Amino acid sequence: MAIQSVRGMPDILPEQAGAWRYLEQTAQRIFNAYGLTQIRTPIVEDTALFARSIGDVTDIVEKEMYTFEDRSGDSLTLRPELTAGVVRAAIEHGLLHNQTQRLWYQGPAFRYERPQKGRYRQFHQIGVECFGIADARMDVDLLEMTDQLWKTLGIRSSVTLEINSIGSPEARGAYRLALVDFLASVRDQLDADSQARLERSPLRILDSKNASTQALLADAPSLIDYLTDDDRQHFELLKEGLSEANIDFVVNPRLVRGLDYYGRTVFEWTTQALGAQGTICGGGRYDGLVEHLGGRATPGVGFALGMERVVLLMEALQVIPDTYQTQADVYLMPQHPHCESAIRQLARALRTQFPELRVMTHIGGGSLKSQLKKADRSGAGIGLIIGEAELDDRQVVFKPLRGGEQLTLAEVEIFNRISELKDTSWTT
């Protein structure tokens, strides 16, 4: 019986990988423009890291983590998210001593959940974490960065920014008491999950997906009424900064996020185009997390986007450029075995002069008709053909594969022609 992939951990096949590459390269280009540097952390961490950072009474820690003992008896966990590992690395390597850090990352994470479209047991995130800046303008900078990413990817019109402030620990403590008093009075009407959360993590009931529970919450106290003056000022600066940057947003007073380390700013980018899995990016401020994990008190703010969901949205909106869905830009074809050496030399020269050009050479012989079929399947916009006549005259047949005039050109003219086309996706 053939071995198959683990349930909820799908392969990313060649025809899908182009969209992923487009997302990765676009994100990296924007992060570079904002002065971020990359950090890479291990997939496996000490289990205590996540219990302390995420919260030991969260669903993630209680039900969803892949945890095991190694041969030394140490409890290790496949990371369920990446922020805690970045904070651990920053503390361990002294990255936060009297300095700020603006970091980005990408990679897989793991949670044991019921697999469904847009939600997998191995999933991938691209994210940003910024340390050492408490100013709300840093929060605005991150949201401006994501806004620019959505615009560049062509999905901005299909996503909505939701923001909220969950305040300081003092504000949340006072609000928690009021919320528990209210929820206790309607306990019998709450769904089972919300009843279980009432004693341990009542704020997460605000994020319940149960319609009847949400209806009850319409009469619940509002967290925004319990914010301190400093919390309110921070939130106002956030809203002012977003308005100044012409970024539309919606204040969602029920938005709390699912991890214990958040405080003050929380946000999500959501879409109506993906059904139930409508959140494609989320984040917020976590000013107490570094100190909670053993470092000096250091403000922090960040976000993570789910790559699977962003790719699904790009596919649904058909915004992935053709060049990311093909194998080659130029396909080289020898019409006789004697021409193969010339074809390879030409391919090497093209790759040297145009490093970004994707050059594929035909291997395996066959008629011109069969070679042209393979050239077409590669997605290339240009075919270059050398037959015996062209070999003798040091010429090359330049054949547009997506419409255009076929020409026979001297080798040097081929380079000039491709140079003219390099800003038009190699296909004109």
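Values below: all heavy atoms of this structure, side chains included; hydrogens, waters and symmetry mates excluded. Just so it is clear, the model here is predicted, and its values are computed rather than measured.
In this structure, L183 CG and L217 CG are separated by 6.5 Å, a value rounded to the nearest 0.5 Å. For the atom pair CG (L409) and CZ (F415), the distance works out to 12.0 Å, reported to the nearest 0.5 Å. Note that CH2 of W150 and CG of L161 are 10.5 Å apart. Values are rounded to the nearest 0.5 Å. Atom NE2 of H234 is separated from atom CG of D135 by 7.0 Å, given to the nearest 0.5 angstrom. F50 CZ to T77 OG1: the interatomic distance, rounded to the nearest 0.5 Å, is 6.5 Å. Atom-to-atom distance recorded for I133:CD1 and R285:CZ is 8.5 Å, nearest 0.5 angstrom.
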Residue pair S212, Q189: steps toward the side-chain hydrogen bond (donor to acceptor under 3.5 Å, both in side chains) verdict: CA-CA 8 Å; S212 61; Q189 301 175 58; over 6 Å; no

Criterion side-chain hydrogen bond (donor to acceptor under 3.5 Å, both in side chains) on Y286 and E129, from CA distance to verdict: CA-CA 10 Å; Y286 47 86; E129 312 294 350; 2.5 Å; yes

Step-by-step salt bridge (charged side-chain N to carboxylate O under 4.0 Å, His left out) determination, D376 to R402: CA-CA 9 Å; D376 183 65; R402 307 286 174 242; 2.5 Å; yes

Criterion side-chain hydrogen bond (donor to acceptor under 3.5 Å, both in side chains) on T270 and T279, from CA distance to verdict: CA-CA 4 Å; T270 62; T279 301; over 6 Å; no

Test side-chain hydrogen bond (donor to acceptor under 3.5 Å, both in side chains) applied to S194 and D191, step by step: CA-CA 5 Å; S194 295; D191 63 277; 2.7 Å; yes

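The shortest distance between side-chain heavy atoms of L143 and W269 falls below 4.5 Å. In this structure, V266 and S165 have side chains that are not in contact, with every pair of non-hydrogen atoms separated by 4.5 Å or more. Using a 4.5 Å cut-off on side-chain heavy atoms (C-beta onward), I163 and L242 make contact. Two residues are said to be in side-chain contact when any heavy atoms from C-beta on lie closer than 4.5 Å; R197 and L203 fail this criterion. Taking 4.5 Å as the limit, some side-chain heavy atom of V128 sits within range of a side-chain heavy atom of M145. At least one side-chain heavy atom of R7 sits less than 4.5 Å from a side-chain heavy atom of R121. Counting only heavy atoms from C-beta outward, the side chains of Y66 and V44 never approach each other to under 4.5 Å. Side-chain contact between M314 and I155 is present, with at least one heavy-atom pair separated by less than 4.5 Å.
Atom CD of E315 has more than 12 heavy atoms from other residues, nucleotides or ligands within 6.0 Å. A 6.0 Å sphere centred on CZ of R351 holds more than 12 heavy atoms belonging to other residues, nucleotides or ligands. More than 12 heavy atoms of other shown residues, nucleotides or ligands fall within 6.0 angstrom of atom CG in D70. The neighbour count for Q4 CD, taken as heavy atoms of other residues, nucleotides or ligands under 6.0 Å away, does not exceed 12. In the displayed structure, E244 atom CD is contacted under 6.0 Å by at most 12 heavy atoms of other residues, nucleotides or ligands. Within 6.0 Å of NZ in K374 there are 12 or fewer heavy atoms belonging to other residues, nucleotides or ligands. Other residues, nucleotides and ligands contribute only 12 or fewer heavy atoms inside 6.0 Å of the CZ atom of R40. Around OH of Y112, the count of heavy atoms belonging to other residues, nucleotides or ligands within 6.0 Å does not exceed 12.
What you find for R309 and I280 is that their closest heavy atoms are CB-CG2, 4.1 Å. Pairing each heavy atom of L227 with each of I166, the nearest pair is CD2-C, 4.2 Å. Taking each heavy atom of I126 and M307 in turn, the nearest pair found is CG1-SD, 3.6 Å. Across L179 and A220, no two heavy atoms sit closer than the pair CD1-CB, 4.2 Å. Scanning all heavy atoms of the two residues, the minimum distance from T67 to S75 falls at CG2-OG, 3.4 Å. Across all non-hydrogen atoms, the minimal contact from D231 to S168 is OD2-N, 3.0 Å.
Using a 4.0 Å cut-off between charged nitrogen and carboxylate oxygen, R21 and E24 do not count as a salt-bridge pair. A salt bridge between D248 and R156 is absent, with no side-chain N of the basic residue lying under 4.0 Å from a carboxylate O of the acidic one. Under the 4.0 Å criterion applied to side-chain N and carboxylate O atoms, D147 and K151 are assigned as salt-bridge partners. For the pair D287 and R264, the salt-bridge criterion is not met [side-chain N within less than 4.0 Å of a carboxylate O]. In this structure, R88 pairs ionically with E92, as a charged nitrogen and a carboxylate oxygen lie closer than 4.0 Å. E291 and R296 are not joined by a salt bridge, as no carboxylate oxygen comes within less than 4.0 angstrom of a charged side-chain nitrogen.
Checked against P80 for a side-chain contact (heavy atoms from CB on, under 4.5 Å), the options R111, E64, E113 give a single hit: R111.
Side-chain contact, Q106 with H124: no donor N or O sits under 3.5 Å from an acceptor N or O.
Ring geometry for W104 against F31 counts as tilted: the plane angle lies between 30° and 60°, on a 0 to 90° scale. Ring planes of Y324 and Y22: tilted class, angle from 30 to 60°.
Judged purely by atom type and a 3.5 angstrom limit, S72 has no side-chain atom pairing as donor or acceptor with the backbone of D74.
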